[in-house]
Protein chains: 2
Amino acid sequence: MDNQDLRKAGLKVTLPRMKILEILENAEENHHTAEDVYKLLLKAGEEIGLATVYRVLTQFEAAGLVRRHHFEGGQAVFELAGDGHHDHMVSVKTGKVVEFYDEIIEERQRIIAEEHGFKMTSHTLILYGEFEDE
Amino acid sequence: MDNQDLRKAGLKVTLPRMKILEILENAEENHHTAEDVYKLLLKAGEEIGLATVYRVLTQFEAAGLVRRHHFEGGQAVFELAGDGHHDHMVSVKTGKVVEFYDEIIEERQRIIAEEHGFKMTSHTLILYGEFEDE
DNA sequence: ATCGGATTGAGAACGGTTATCATATACTTT
DNA sequence: AAAGTATATGATAACCGTTCTCAATCCGAT
């Protein structure tokens, strides 16, 4: 993920955009709120405004570099868009997020949509609960 | 669904609470935003404040009478809690909502959760797209 | 290096929801 | 049936996450 990806997306290569990409790539966690990213930038010594963080994340999403999810709790979370869709398991206790993918579920969704004359364009499956080791 | 249900839930039987229950039971659609409910109340000649609508819906949710869902679009939607869980198919074009239930998906979710040492307490599956006849 | 359009930062504005608080209402006790 | 007491209500302010506004700044083609 580098400057070329930004250019391909029709985005100028600016310092905020590069730094935000960097944060997303190097962070311990995969899922971040906009505020998280903002704070990580501050911690890294970058004075980038929260509005810019929101703007850039939205642009990245439009460019397919990032995905946005709405877990419970009000704040949207963002993750780098690797290739391929996946679903999420979220701890209501710690906020920990684990990704998973199940072809059987995906298949059933397609069948159910079809049965209802529904052209599915996206879907979101989130399991809430807690991990046994936390 | 009557006054006894309210009393059982530890809620006084008040006019706003009765009217809101009535609206939810008799409306054409199953899924309503708080604002929807508020407007339906006005249309029915009831002068009930929006704050009260939010409060009552939240109390109903806590009492298990109502379920709250977060579809895309920012506003929460509420539905009477019939017995049994179900998932949703939402038209991104018209907002139309169709409910479905698939035991295979439910089963897979349980298995996946278990494989990850995850105690699942709830889950939400939403398909977005559009119905072919709209 | 210069120019012009895109981007940024600060803060105001926004939309949905919740909190505040004085008044009104249900239920209990007489 | 009336009074007492705690709870519920309504209007509006506050809140929180996010988006908008706009002057100042930056990117990159020339």
Side-chain angles (χ1 to χ4, degrees), chain A residues 2-23 31-42 44-63 65-79 95, chain B residues 2-23 31-42 44-63 65-79 95:
Chain A
D2 63 353
N3 294 355
Q4 290 314 318
D5 295 298
L6 291 179
R7 279 191 248 271
K8 266 179 223 156
L11 297 170
K12 281 188 185 173
V13 178
T14 66
L15 191 141
R17 304 215 258 237
M18 289 190 299
K19 290 302 177 188
I20 290 173
L21 257 191
E22 227 172 86
I23 291 284
H31 298 78
H32 306 273
T33 65
E35 194 114 13
D36 283 347
V37 173
Y38 174 65
K39 283 178 184 155
L40 288 170
L41 287 166
L42 287 186
E46 302 295 336
E47 301 255 327
I48 294 175
L50 182 56
T52 299
V53 173
Y54 273 105
R55 253 186 318 234
V56 169
L57 287 173
T58 300
Q59 292 158 347
F60 284 4
E61 185 191 14
L65 300 176
V66 151
R67 296 213 183 86
R68 182 196 308 244
H69 302 287
H70 296 278
F71 299 157
E72 284 182 3
Q75 277 141 298
V77 302
F78 299 84
E79 66 177 343
Chain B
D2 64 350
N3 294 356
Q4 290 313 317
D5 295 297
L6 292 178
R7 276 192 250 271
K8 267 179 222 155
L11 297 170
K12 282 186 187 175
V13 178
T14 67
L15 191 141
R17 304 215 259 236
M18 289 190 298
K19 291 301 177 189
I20 290 172
L21 257 190
E22 227 172 85
I23 291 283
H31 298 79
H32 307 273
T33 65
E35 194 114 13
D36 283 347
V37 173
Y38 174 65
K39 283 178 184 154
L40 288 170
L41 286 166
L42 287 186
E46 302 295 335
E47 302 256 327
I48 294 175
L50 181 57
T52 299
V53 173
Y54 273 105
R55 254 187 318 236
V56 169
L57 287 173
T58 301
Q59 292 159 346
F60 284 3
E61 184 191 14
L65 299 175
V66 152
R67 296 213 183 86
R68 182 194 310 242
H69 301 287
H70 296 278
F71 299 157
E72 284 183 2
Q75 276 142 299
V77 303
F78 299 84
E79 67 176 343

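Numbered from 1 within each chain, the chains take letters A, B, ... in sequence-line order.
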Fill in: Heavy-atom side-chain proximity of B:Asp36 to B:His31 below 4.5 angstrom
no
Discussion item. Less than 4.5 Å apart, side chain to side chain, heavy atoms only: is that true for A:Leu40 and A:His32?
Written reply: yes
Response to the item:
Tightest non-hydrogen contact, residues B:Tyr38 and B:Ile48, listed as CE1-O, 3.0 Å
Item to complete: Over all heavy atoms of both residues, which pair between B:Phe78 and B:Thr33 is shortest? Give the atoms and the distance, please.
Response: CD1-C, 4.4 Å
Discussion item. Students often get this wrong, so: under 4.0 angstrom with heavy atoms, is B:Ala34 touching a base, only sugar-phosphate, or nothing?
Written reply: nothing
Taking only the side-chain nitrogens and oxygens of [X], find out if one of them lies under 4.0 Å from OP1 or OP2 of [N].
{"X": "A:Thr52", "N": "C:dG9", "value": "yes"}
{"X": "B:Thr33", "N": "C:dG16", "value": "no"}
{"X": "B:Tyr54", "N": "C:dT18", "value": "no"}

Worksheet entry | side chain to side chain donor-acceptor pair (under 3.5 Å) assessment of A:Thr52 paired with A:Arg55 | CA-CA 5 Å; A:Thr52 299; A:Arg55 253 186 318 234; 3.1 Å; yes
What's the [atom1]-[atom2] distance between [X] and [N], to the nearest Å?
{"X": "B:Leu57", "N": "C:dG16", "atom1": "CG", "atom2": "P", "result": "15 Å"}
{"X": "B:His70", "N": "C:dG15", "atom1": "NE2", "atom2": "C1'", "result": "15 Å"}
{"X": "B:Met18", "N": "C:dC27", "atom1": "CE", "atom2": "C1'", "result": "13 Å"}
{"X": "A:Arg17", "N": "C:dG9", "atom1": "CZ", "atom2": "P", "result": "11 Å"}
{"X": "A:Glu47", "N": "C:dA10", "atom1": "CD", "atom2": "P", "result": "7 Å"}
{"X": "A:Lys19", "N": "C:dT8", "atom1": "NZ", "atom2": "C1'", "result": "16 Å"}
{"X": "B:Lys12", "N": "C:dA24", "atom1": "NZ", "atom2": "C1'", "result": "11 Å"}
{"X": "B:Leu50", "N": "C:dG15", "atom1": "CG", "atom2": "P", "result": "14 Å"}

Fill in: Proximal nucleotide (of C:dA19, C:dC27, C:dT17) relative to the B:Ala76 side chain
C:dT17
Discussion item. If you assign each of A:Arg55 and A:Glu35 to its closest nucleotide in DNA chain D, which residue comes earlier from the 5' end?
Written reply: A:Glu35
Worksheet item: Nearest nucleotide by nearest heavy atom, which residue falls closer to the 5' end of DNA chain D, A:Arg7 or A:Phe78?
Response: A:Phe78
Discussion item. What I want to check is whether the side chains of B:His69 and B:Glu79 have a donor and an acceptor closer together than 3.5 Å.
Written reply: yes
Worksheet item: From the 5' end of DNA chain D to its 3' end, which nucleotides mark the outer limits of contact with chain B, defined by a 4.0 Å heavy-atom distance cut-off (strictly under)?
Response: D:dA6 to D:dT12
Please list, one pair per line, the donor and acceptor atoms closer than 3.5 Å that link side chains of residues 13-21 of chain B to other protein atoms, with sequence neighbours excluded.
residue: B:Thr14; atom: OG1; partner: B:Arg17; partner atom: N; Å: 3.4
residue: B:Arg17; atom: NE; partner: B:Lys12; partner atom: O; Å: 3.1
residue: B:Arg17; atom: NH1; partner: B:Gln59; partner atom: OE1; Å: 2.9
residue: B:Arg17; atom: NH2; partner: B:Lys12; partner atom: O; Å: 3.3

Fill in: 5' precedence on DNA chain C between B:Thr14 and B:Arg68 (nearest-nucleotide basis)
B:Arg68
Practice prompt. Let me know, please, whether B:Gln75 or A:Pro16 comes out on the 5' side of the other along DNA chain C by nearest nucleotide.
Written response: A:Pro16
